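Have a look at the structure that comes next, please.
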Amino acid sequence: MTVRTRFAPSPTGYMHIGNLRTALYAYLHARKNKGTFILRIEDTDQARLVEDSVKVIYESLAVTGLEHDEGPDKGGPVGPYTQSERRGLYKEYALKLLAEGHAYRCFCDKTEKAEEPDEEHDAPILGYDGRCGRLSPEEIAANLAKGLPYVIRQRIDKEGSTSFRDFIYGDIVVENKQLDDQILLKRDGYPTYNFANVVDDHLMGITHVMRGCEYISSTPKYILLYKAFGWEIPEHIHLPHILGPSGKKLSKREGSVALGDFLKKGYLPEAILNYIALLGWNPGTEQEFFTKADLIEKFDIARIGKAPAMFDEVKLLWLNAQHIKALPPGRAHELFLGFYPAAISGAFDAAKLTGYIQGKVEKLEDIPRMTAFLAGLDEKYSPELFVHAKNKTTLESSRAVLADLQAVLGALPAWEYAGILAAVKGYAEAKGAKLGPVMWPLRIAISGLAVTPTGAAEIAELLGKPETLRRISVALAKL
RNA sequence: GCCCUCUUCGUCUAGCGGUUAGGACGCUGCCCUUUCAAGGCAGAGAUCACGGGUUCGAAUCCCGUAGAGGGCGCCA
């Protein structure tokens with residue numbers, strides 16, 4: 001049987017990183033097995049529709065390269081792929097359930113109370129008591145005649161228990177009395193997630209249902225639905241949660257949760273994918289750096305874990321640096337260019353600069369801060385920077401070195417890295433000094449910083465001869 | 001409240017009856033070096049949540065307990 005997986009997000013306006021991981025796993029499993037990856041938009045909550053948010057979903061999948069084979073924008077054999085366009089279908093199937101006694105009309109009006117759930121107090125919320133399920137045909141007819149609005153609820157026999165085997169968590173058994181007569185079709189005629197999901201997954205031929213483990217508790221109800229329809233039950237793969245730093249579900253209050261946030265900070269899509277893939281899955285080897293192609297090759301749902309994982313941006317940062325380092329130079333430069341201050345991309349050999357710092361950039365967002373000193377020297381730096389114990393430099397030694405260097409470099413006919421380095425080395429040798437005591441003052445003088453993304457000779461080359469000499473003069477004036 | 005699930009270094013994890021409990025991030029130190037970083041090496045860091053079993057032997061199997069997370073919406 002060909003594998004068919006689906007990613008079924010709701011248009012909320014942003015791509016939650018946890019949802020992205022679900023999409024990634026579904027995508028990887030499909031690709032790994034030469035199957036089909038489907039995108040389905042779950043927009044059944046009319047009150048929550050957010051303008052343009054479907055676009056965000058398309059863009060997110062595009063930028064991360066999780067391209068789908070079937071979906072609203074691409075079509076396919078089991079469309080439409082947007083739930084709001086499938087309303088007729090849900091009604092048809094709900095009616096079928098109704099006719100067979102697996103569902104009933106409920107005329108109770110609980111819309112008011114259900115508006116705002118009380119999140120602070122975990123007051124016991126009792127499920128629906130099933131009263132409308134006991135209405136006589138005459139009562140139902142009377143209500144219908146009165147034009148009373150109604151919902152359709154699943155009728156669940158409270159005797160016995162329902163079980164299913166989750167691919168990750170194993171056998172899950174729940175007593176039926178724990179199961180609520182959940183609403184299948186809302187008053188407005190739209191299906192609930194609970195119903196639409198089952199109907200669509202079946203109609204779309206989904207073989208592996210992958211979703212967050214918050215659905216484990218309600219899956220028995222879905223199983224009952226499959227059974228009522230007489231449908232084959234697909235493989236269920238519930239994924240452990242991704243937690244925020246506090247150990248709670250990753251939420252906006254604790255920092256970035258949206259793919260867009262990370263992209264804006266200069267995390268590479270491949271690094272993000274790589275990192276979240278490892279949150280809850282491991283290859284069984286010690287490999288941690290993965291390209292998307294690697295992931296497709298190595299991914300295996302059998303190695304998904306059960307325990308929730310905390311999102312650690314520090315490790316993501318490290319992985320991001322690894323991915324930046326691995327970028328082909330041309331591609332790196334393309335990306336870096338967008339982050340260089342205008343003065344740099346104009347006046348400097350920016351491609352050369354990229355080459356010098358590619359190995360040190362952890363995230364693109366840091367580039368302006370790392371390179372600002374090239375565009376303009378902050379002349380107010382402290383002379384104390386010249387004093388460095390390990391290199392045995394002092395204010396006096398620095399002054400002497402810089403004065404000499406000004407002459408040595410000033411006499412240089414050509415201006416490029418190798419020549420500059422050779423000149424400085426030659427000077428140090430002539431003085432019988434090690435390179436450190438000479439390089440340190442030079443680097444401080446031309447950068448004004450204790451920490452720079454690249455060495456003194458590289459910086460001097462980028463700055464050009466006049467500016468290098470000028471900055472040395474500025475330093476000399478301080479000393 | 002009821003139900004479901006989870007629990008190995010701070011974090012991500014390996015482990016699936018016998019290991020000095022391995023790796024990665026982070027941290028510390030050393031080396032290299034043209035500073036920092038990168039790279040290389042080394043180190044600290046886990047009585048495997050706790051308590052009982054089973055077994056010659058348990059992080060691994062069983063039963064409890066605790067803690068944490070999730071569900072109980074005309075949200076998904």
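The shown structure was predicted, so the numbers you read here are calculated from the model rather than taken from an experiment. Each chain gets a letter, A, B and so on, in the order the sequences are listed, and its residues count up from 1.
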Sugar-phosphate only, base, or nothing, as touched by Y215(A) at under 4.0 Å among non-hydrogen atoms: base

N194(A) and Q182(A): side chain donor to acceptor below 3.5 Å: yes

Mate of G39(B) where both pairing distances stay under 3.5 Å, Watson-Crick or G-U: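 Paired with G39(B), as far as the under-3.5 Å criterion goes, is C31(B).
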
Touch class at under 4.0 angstrom, heavy-atom based, for T454(A) against every strand present: base

Polar side-chain contact K248(A)-A68(B) base: donor and acceptor under 3.5 Å: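 It does not, because no donor-acceptor pair links the side chain of K248(A) to the base of A68(B) below 3.5 Å.
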
Sugar-phosphate, base or nothing in reach of S218(A), heavy atoms under 4.0 Å: nothing

G45(B): pairing nucleotide in any strand, Watson-Crick or G-U under 3.5 angstrom: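 Matched G45(B) with nothing under the 3.5 Å cut-off.
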
Nucleotide C12(B), atom P - distance to CG of L250(A) in whole Å: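 Answer to the nearest Å: 13 Å.
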
Sugar-phosphate only, base, or nothing, as touched by K306(A) at under 4.0 Å among non-hydrogen atoms: sugar-phosphate

Spacing of I242(A) atom CD1 relative to U5(B) atom P, expressed in whole Å: 22 Å

Exercise: do K298(A) and Q287(A) side chains pair donor with acceptor under 3.5 Å: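 On atom types as modelled, these side chains qualify, holding a pair under 3.5 Å.
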
Sugar-phosphate, base or nothing in reach of A309(A), heavy atoms under 4.0 Å: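 Sugar-phosphate only.
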
Nearest-Å distance for atom pair CG/C1', residues N282(A) and U11(B): 15 Å

U11(B) - base-pair partner by Watson-Crick or wobble geometry, distances under 3.5 Å: A24(B)

Note: D181(A)-K158(A) ion pair, threshold 4.0 Å (strictly below): yes

G64(B) pairs with, by Watson-Crick or G-U criteria that keep both distances under 3.5 Å: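 Across all strands, the one nucleotide that pairs with G64(B) is C50(B).
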
Nucleotide C74(B), atom P - distance to CD1 of I183(A) in whole Å: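 Checked: the CD1 to P distance equals 4 Å.
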
Touch class at under 4.0 angstrom, heavy-atom based, for N391(A) against every strand present: sugar-phosphate

Value in whole Å for how far the C1' atom of U33(B) lies from NZ of K425(A): 10 Å

Donor-acceptor pair under 3.5 Å, Y427(A) side chain vs U34(B) base: no

Partner nucleotide of G1(B) by Watson-Crick or wobble geometry (both distances under 3.5 Å):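 Base partner found: C72(B).
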
Modelled atom types, side-chain donor and acceptor of D200(A) and Q83(A), under 3.5 Å: yes

Side-chain donor-acceptor contact under 3.5 Å, D171(A) with S163(A):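 No, because no side-chain N or O of D171(A) sits under 3.5 Å from a partner of the opposite role on S163(A).
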
Between C1' of A37(B) and NZ of K390(A), the distance in whole Å: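 In whole Å, A37(B) C1' lies 12 Å from K390(A) NZ.
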
hbond_proxy R443(A) side chain to U34(B) base (donor-acceptor, 3.5 Å cutoff):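 A donor-acceptor contact between them is absent.
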
Touch class at under 4.0 angstrom, heavy-atom based, for L421(A) against every strand present: base

Charged N-O contact under 4.0 Å between K221(A) and D180(A):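 Salt bridge flag = no for D180(A) with K221(A).
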
Sugar-phosphate, base or nothing in reach of A457(A), heavy atoms under 4.0 Å: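 Contact class for A457(A): base.
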
